[in-house]
Amino acid sequence: MNYQNWAGNFTYGATEMIYPESVEHLQQLVKEHGKIKVSGSGHTFNAITDTNGIFVSLRHWNRMLALTEERGTVTVEGGITYGELCAELAPTDYALHNLASLPHITVAGAVATATHGSGSRNGSLAAAVEGIELVDANGELHTFSRGDAEFAGVVVNLGALGIVTKLTLNVVPAYPVRQFVYENLPLSQLEENAEGIFTDAYSVSLFTDWQQPRFHQVWTKCREEDGVSYAGHADYYGALPATAPVHPLPDMHAENCTEQLGKPGMWHERLAHFRMEFTPSAGKELQSEYLMPREHVYEAALAVHQLREHLAPILFVSELRTIAADDLWLSPFCDQPSVAFHFTWRDDWQAVERVLPLLEAALAPFHARPHWGKLFTVPADVLQGQFDKLPQFRKLIDKYDPNGKFSNAFLDTYVRPARTSR
């Protein structure tokens, strides 16, 4: 049987899929097999989760195990998705600090690749982790807590250290959110007003196809403490309020998007762009994303706009978001308040592969790092040079997976040192 990712652009080399019944069963599977990986939700677009051994699915390990109010944490199993966790947290008085655009992805997979939501004061989804439990290549179970010497290296682990069985996340008091969309923000506003544009609301996303010097939509997700933005603006730095619900792709219906027009709802009903019950895709698509220091947003946007003729035939839409710095070794946001330039491409890898080097060259002066789980052509030596803590992470690999049981061609190329590759 062939196993494919969510987008259908990648076929994995796994020979079978096994559903472990318990941690003990999982440990036994790890001991018995020379190559093994977790299939997750399949929402990566490259070979980072590939294996020529077996896949294990933790799809049925999707429970919220404990909500510890005095510590402000929730502990979940390794197969739970954000949509499932939101459903569990919704009846309580607690919430997550942020969500990605899609609620369909697994918590463990999002954390392992430093997937993020939006908000200049909001860390990535991995930044919420307080504890993590995983099975290493010897089948041994390990737990790590914030403050432990190896914790900052283990959280964003790229699947290279083991199989995550549990995660403990910070929670905050539940909060309502209003979502407003504004249309036609001039790109030139980023030169003087980038800070205001991205900090005016709790979460801000700018959408464009780069064909004009403007963002056709600005999505703002506002909490009461955001002040005036919670009631909406008549003018958002030159962008005007949308008068009807919209989709980031102008030719698609907004029914699969979360509520807009300022209608109040709880955090889990607004922070994602797309509703859990709908498939958000425009059809088959590919994705790339580059993350860089926030101060470069205007110059980087101008550089991408210069490539508009190359982008036009293959780009569905691009999204800009900001993310707070964290201290996680392989996070693109490690010690760096960042802006993300996301690209949703048409399903034409040959055409995308020709454009990516042009895009990456345009963004190189701004020290752009690619998202670990999306498509890029950045050379391995360049990528490795962008992560100062990579040598320390390699020592963790030597400790928890010395023979490369969890490795694959992607990790051998971009992460594992040549001397320990198998």
Taking [Y]'s backbone N and O only, do any of them form a donor-acceptor pair with [X]'s side chain (distance below 3.5 Å, no angle check)?
{"X": "N122", "Y": "S118", "result": "yes"}
{"X": "D235", "Y": "Y237", "result": "yes"}
{"X": "Q336", "Y": "F333", "result": "no"}
{"X": "D93", "Y": "P173", "result": "no"}
{"X": "Q189", "Y": "L187", "result": "no"}
{"X": "S229", "Y": "A201", "result": "no"}
{"X": "K389", "Y": "L330", "result": "no"}
{"X": "Y236", "Y": "I197", "result": "yes"}
{"X": "E269", "Y": "M266", "result": "yes"}
{"X": "N157", "Y": "L161", "result": "no"}

Show me the pairs that pass salt bridge (charged side-chain N to carboxylate O under 4.0 Å, His left out) and involve residues 323-332, at least two apart or across chains.
R146-D327
Distance flag, aromatic centroids of [Y] and [X], threshold under 6.0 Å:
{"X": "Y290", "Y": "H371", "value": "no"}
{"X": "Y94", "Y": "Y175", "value": "no"}
{"X": "F215", "Y": "F207", "value": "no"}

Evaluate side-chain contact (heavy atoms from CB on, under 4.5 Å) for M292 paired with E299, printing each intermediate quantity in order.
CA-CA 11 Å; M292 65 205 78; E299 292 81 4; over 6 Å; no
Pair W219-Q217, side chain to side chain donor-acceptor pair (under 3.5 Å): steps then yes or no
CA-CA 6 Å; W219 288 41; Q217 291 172 14; 2.8 Å; yes
Between T377 and E360, does any side-chain donor sit less than 3.5 Å from a side-chain acceptor?
yes
Are N184 and R214 linked by a side-chain donor-acceptor pair shorter than 3.5 Å?
yes
For the pair E150 and L396, evaluate side-chain contact (heavy atoms from CB on, under 4.5 Å) and give the outcome as yes or no after the intermediate values.
CA-CA 8 Å; E150 296 177 339; L396 294 182; 3.6 Å; yes
[atom1]/[X] to [atom2]/[Y] distance, rounded to the nearest 0.5 angstrom?
{"X": "S188", "Y": "N193", "atom1": "OG", "atom2": "CG", "value": "9.0 Å"}
{"X": "L134", "Y": "F406", "atom1": "CG", "atom2": "CZ", "value": "8.0 Å"}
{"X": "H104", "Y": "T81", "atom1": "NE2", "atom2": "OG1", "value": "8.5 Å"}
{"X": "I163", "Y": "L58", "atom1": "CD1", "atom2": "CG", "value": "7.0 Å"}
{"X": "K374", "Y": "H342", "atom1": "NZ", "atom2": "NE2", "value": "4.0 Å"}
{"X": "Q287", "Y": "T44", "atom1": "CD", "atom2": "OG1", "value": "10.5 Å"}

Candidate pair R294 and S338, rule side-chain contact (heavy atoms from CB on, under 4.5 Å), full reasoning
CA-CA 4 Å; R294 198 178 300 164; S338 301; 5.8 Å; no
Can you give me the closest heavy-atom contact between [X] and [Y], atom names plus distance?
{"X": "L261", "Y": "A242", "answer": "CD2-O, 3.5 Å"}
{"X": "A231", "Y": "F180", "answer": "C-CZ, 3.5 Å"}
{"X": "I48", "Y": "W372", "answer": "CD1-O, 3.7 Å"}
{"X": "H247", "Y": "M252", "answer": "CB-O, 3.3 Å"}
{"X": "I397", "Y": "V415", "answer": "CD1-CG1, 4.0 Å"}
{"X": "H116", "Y": "L291", "answer": "NE2-CD2, 3.9 Å"}

Take V156 and V111 through the test side-chain contact (heavy atoms from CB on, under 4.5 Å) and record every step on the way to the result.
CA-CA 6 Å; V156 180; V111 165; 5.6 Å; no
State, with a plain yes or no, whether a side-chain heavy atom of [X] is found less than 4.5 Å away from one of [Y].
{"X": "E319", "Y": "H273", "value": "yes"}
{"X": "D200", "Y": "D226", "value": "no"}
{"X": "C334", "Y": "L328", "value": "no"}
{"X": "T322", "Y": "V297", "value": "no"}
{"X": "C86", "Y": "L89", "value": "no"}
{"X": "W210", "Y": "Q306", "value": "no"}
{"X": "D50", "Y": "K37", "value": "no"}
{"X": "D401", "Y": "D136", "value": "no"}

Once you measure the plane-to-plane angle for F366 and H296, does it fall in the parallel (<30°), tilted (30-60°) or perpendicular (>60°) bin?
tilted
Mutual orientation of the aromatic rings belonging to Y414 and F376 [parallel < 30°, tilted 30-60°, perpendicular > 60°]:
perpendicular
May I ask you to decide whether [X] forms a salt bridge with [Y], counting only side-chain N to carboxylate O separations under 4.0 Å?
{"X": "D412", "Y": "R416", "answer": "yes"}
{"X": "E224", "Y": "R178", "answer": "no"}
{"X": "R59", "Y": "E84", "answer": "yes"}

From the options L286, L315, D347, L359, select the one residue that forms a side chain to side chain contact (heavy atoms under 4.5 Å, CB included) with V352.
L286
Over 12 foreign heavy atoms within 6.0 Å of CD, Q350:
no
Neighbour count above 12 (heavy atom, 6.0 Å) for K405 NZ:
yes
Is there a side chain to side chain donor-acceptor pair (under 3.5 Å) between E183 and H216? Walk through the geometry before answering.
CA-CA 5 Å; E183 296 180 309; H216 66 270; over 6 Å; no
Please determine whether side chain to side chain donor-acceptor pair (under 3.5 Å) holds for the pair E133 and T143, giving the CA-CA distance in whole Å, both sets of side-chain angles, and the decisive distance to 0.1 Å.
CA-CA 4 Å; E133 178 184 277; T143 58; over 6 Å; no
Test the R223-Y230 pair against the cation-pi criterion, namely NZ or CZ under 6.0 angstrom from the six-membered ring centroid and within 45° of the ring axis.
no
If the test is ring pair (Phe, Tyr, Trp, His ring centres under 6.0 Å), which one of F55, F410, Y3 qualifies with Y12?
F55
Residue pair Y400, H142: steps toward the ring-ring contact (aromatic ring centres under 6.0 Å, His included) verdict:
CA-CA 10 Å; Y400 295 108; H142 301 269; 5.0 Å; yes
Going through the checks in order, is the side chain to side chain donor-acceptor pair (under 3.5 Å) test met by T168 and T75?
CA-CA 4 Å; T168 298; T75 299; 2.9 Å; yes
